[in-house]
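Values below: every heavy atom of this structure, side chains too, minus hydrogens, waters and symmetry copies. A note on names: the letters A, B, ... follow the listed sequences, proteins ahead of strands, and every chain is numbered from 1.
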There are 2 protein chains.
Amino acid sequence: MSPIINSLVMHFGEMGSRWGLNRTLGQMYALIVLTEKPLNADEISAQLNISRSNVSMGLKELKSWNLIKLSHIPGDRKEYFSAPKDVWEIARNLMMERRKREVDPTLTALRDVLLEAPANEQEEYAQQRVKQMHDLIEMLTIWTDELQNMSNEKVAALLKLGSGLSKLLDMKERLLPGKANKE
Amino acid sequence: MSPIINSLVMHFGEMGSRWGLNRTLGQMYALIVLTEKPLNADEISAQLNISRSNVSMGLKELKSWNLIKLSHIPGDRKEYFSAPKDVWEIARNLMMERRKREVDPTLTALRDVLLEAPANEQEEYAQQRVKQMHDLIEMLTIWTDELQNMSNEKVAALLKLGSGLSKLLDMKERLLPGKANKE
DNA sequence: CTGAATTTTCAGTAATTTCTGAAAATTGTA
DNA sequence: TACAATTTTCAGAAATTACTGAAAATTCAG
């Protein structure tokens, strides 16, 4: 493996655990993303020195995250894997899956709590905090939905706004003062 | 512990591991956030059935995330802990710390790779992908900086935009077509 | 200062997560 | 359909991470 690719594979291995993945998954995905031609499971297993079965489990996981594409080579029965060529697509899918795993269950739990009648002072306070959290998380959720549906170009434009964002908000406020937004 | 609080403590315990924390940390923070009066380490230890030393380590971690506030009660030598009353502040700090741990090191690693001269075809392809990732992550970083510096009200307004966001972008494009934004 | 109260550290243990090899299941071709 | 190629599953082993109790360090009132 080329030194550059190797160092990135190592790095993403380290980071893998900090993101919801794990070391092997991070390494596998780095290798797949950085390699131009699709790889089969044996190649991945050999390059990363991990067992064939571990690769199989890793690929299953990456599939469930929608992070890899499957392809075939004529006359070869093996399956070949590659990453979307578009980093935006990768980022989108990552965001979506993380939200599904990390945020959605909490939103549900908070909603459930809000349906209960508070039994005393303490619970009243707790519910008030739960309400705040719920509202914040719900807004974030709506936002990420919005990002999902935007074109790459539009998301890119939005991100490029950077510090212009604040100004844009002010402008909007001047043009459409206090106009309520529906979701 | 009240049933409502208990169920949330359990839930955040579960989720703790999916976020960069761990079970105990999630439980501790849920308890602190949902309890109105500041808690001391012994109370936390008792309520959650975890060792005093574990609480100490957890509090150290929560401090490093800027998630808790320290206070004292006159005539009591113990330290008391509470969460910011403002969920935005919590969300902000969480975002900042996660970025520091999960994104910044990667940005650095990607930059380092971009400084190397590609040795062959493979490396050339890899660098091209690294460039894409780098640019995307850098934009995200600038954005989160921007969010850090915005007032709560402004962030709230931004989040509330929800699906109005897309329209706002269009509007901007009409008014200031193609205007470049500096960071 | 002294010493009791409190907090922190840390080596060892417990719990959890990840990884492997062997076996089972699936796939596609002849 | 039969069978070789390939992939998946899964029980146990290995590695990692989290937790504890005991001891050390710190803090602060007297």
Quick one: do B/Trp88 and B/Ile68 end up in the same hydrophobic cluster if we chain Ile, Leu, Val, Met, Phe, Trp and Tyr together by side-chain heavy atoms under 4.5 Å apart?
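B/Trp88 clusters together with B/Ile68.
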Hphob cluster co-occupancy, B/Leu62 + B/Ile90, side-chain heavy atoms under 4.5 angstrom:
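Yes, because B/Leu62 and B/Ile90 connect within a single hydrophobic cluster, where side-chain heavy atoms sit under 4.5 Å apart.
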Between B/Arg99 and B/Thr144, do the side chains contain an N or O donor and an N or O acceptor separated by less than 3.5 Å?
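There is such a pair (donor and acceptor under 3.5 Å, judged by atom type) between the side chains of B/Arg99 and B/Thr144.
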So which nucleotide from [options] ends up closest to the side chain of [X]?
X	options	answer
B/Arg77	C/dT8, D/dT8, C/dA4	C/dA4
B/Met57	C/dT18, D/dC19, C/dT20	D/dC19
A/Arg23	D/dT16, D/dT7, C/dG28	D/dT16
A/Ile50	C/dT20, C/dA4, C/dT7	C/dT20
B/Lys60	D/dT7, C/dT9, C/dT7	C/dT9
A/Asp76	D/dT7, D/dT6, D/dA18	D/dT6

Rounding to a whole Å, what distance do you find between [X]:[atom1] and [N]:[atom2]?
X	N	atom1	atom2	result
B/Leu70	D/dT27	CG	P	13 Å
B/Lys78	D/dT26	NZ	C1'	16 Å
A/Leu25	C/dT17	CG	P	15 Å
B/Asn49	C/dA15	CG	P	14 Å
B/Arg52	D/dC19	CZ	P	15 Å
A/His72	D/dA5	NE2	P	18 Å
B/Ile73	D/dA29	CD1	P	15 Å
A/Leu59	D/dT7	CG	C1'	10 Å

Side chain to side chain donor-acceptor pair (under 3.5 Å) assessment of B/Ser2 paired with A/Glu123:
CA-CA 7 Å; B/Ser2 114; A/Glu123 294 200 347; 2.7 Å; yes
Where do B/Glu89 and B/Lys69 land on the salt bridge (charged side-chain N to carboxylate O under 4.0 Å, His left out) test, with the steps shown first?
CA-CA 12 Å; B/Glu89 189 179 335; B/Lys69 300 212 175 290; 3.3 Å; yes
Axis bend over the full length of the helix from C/dC1-D/dG30 to C/dA30-D/dT1, computed from five pairs that close each end, to 10 degrees:
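Computed from the C1' atoms at both ends, the axes differ by 30°.
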Heavy-atom donor-acceptor pair, A/Ser53 side-chain to C/dG21 base, under 3.5 Å:
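In this structure, the two groups form a donor-acceptor pair.
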Has B/Arg98 got its NZ or CZ under 6.0 Å from the middle of the six-membered ring of B/Trp65, at an angle within 45 degrees of the ring axis?
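The answer is no; the distance or angle limit is not met.
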Under 4.0 Å: is that the gap between some side-chain N or O of B/Lys63 and OP1 or OP2 of C/dT8?
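So the side chain of B/Lys63 is within the cut-off, an N or O lying under 4.0 Å from OP1 or OP2 of C/dT8.
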When you measure from the side chain of A/Ser45 to the backbone of A/Ala41, do you find a donor-acceptor pair of N or O atoms at a distance under 3.5 Å?
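No; zero donor-acceptor contacts below 3.5 Å.
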Looking across every strand, which nucleic acid part, if any, lies under 4.0 Å from A/Ser17 by heavy atom: base, sugar-phosphate, or nothing?
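If one applies the 4.0 Å heavy-atom cut-off, A/Ser17 turns out to touch nothing in the nucleic acid.
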Reckon B/Asn22 touches a base, only the sugar-phosphate, or nothing at all at heavy-atom distances under 4.0 Å?
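Answer is sugar-phosphate: B/Asn22 comes under 4.0 Å of backbone atoms only.
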Run A/Glu97 and A/Asn66 through side chain to side chain contact (heavy atoms under 4.5 Å, CB included) and show every step you take.
CA-CA 8 Å; A/Glu97 292 298 322; A/Asn66 281 313; 3.7 Å; yes
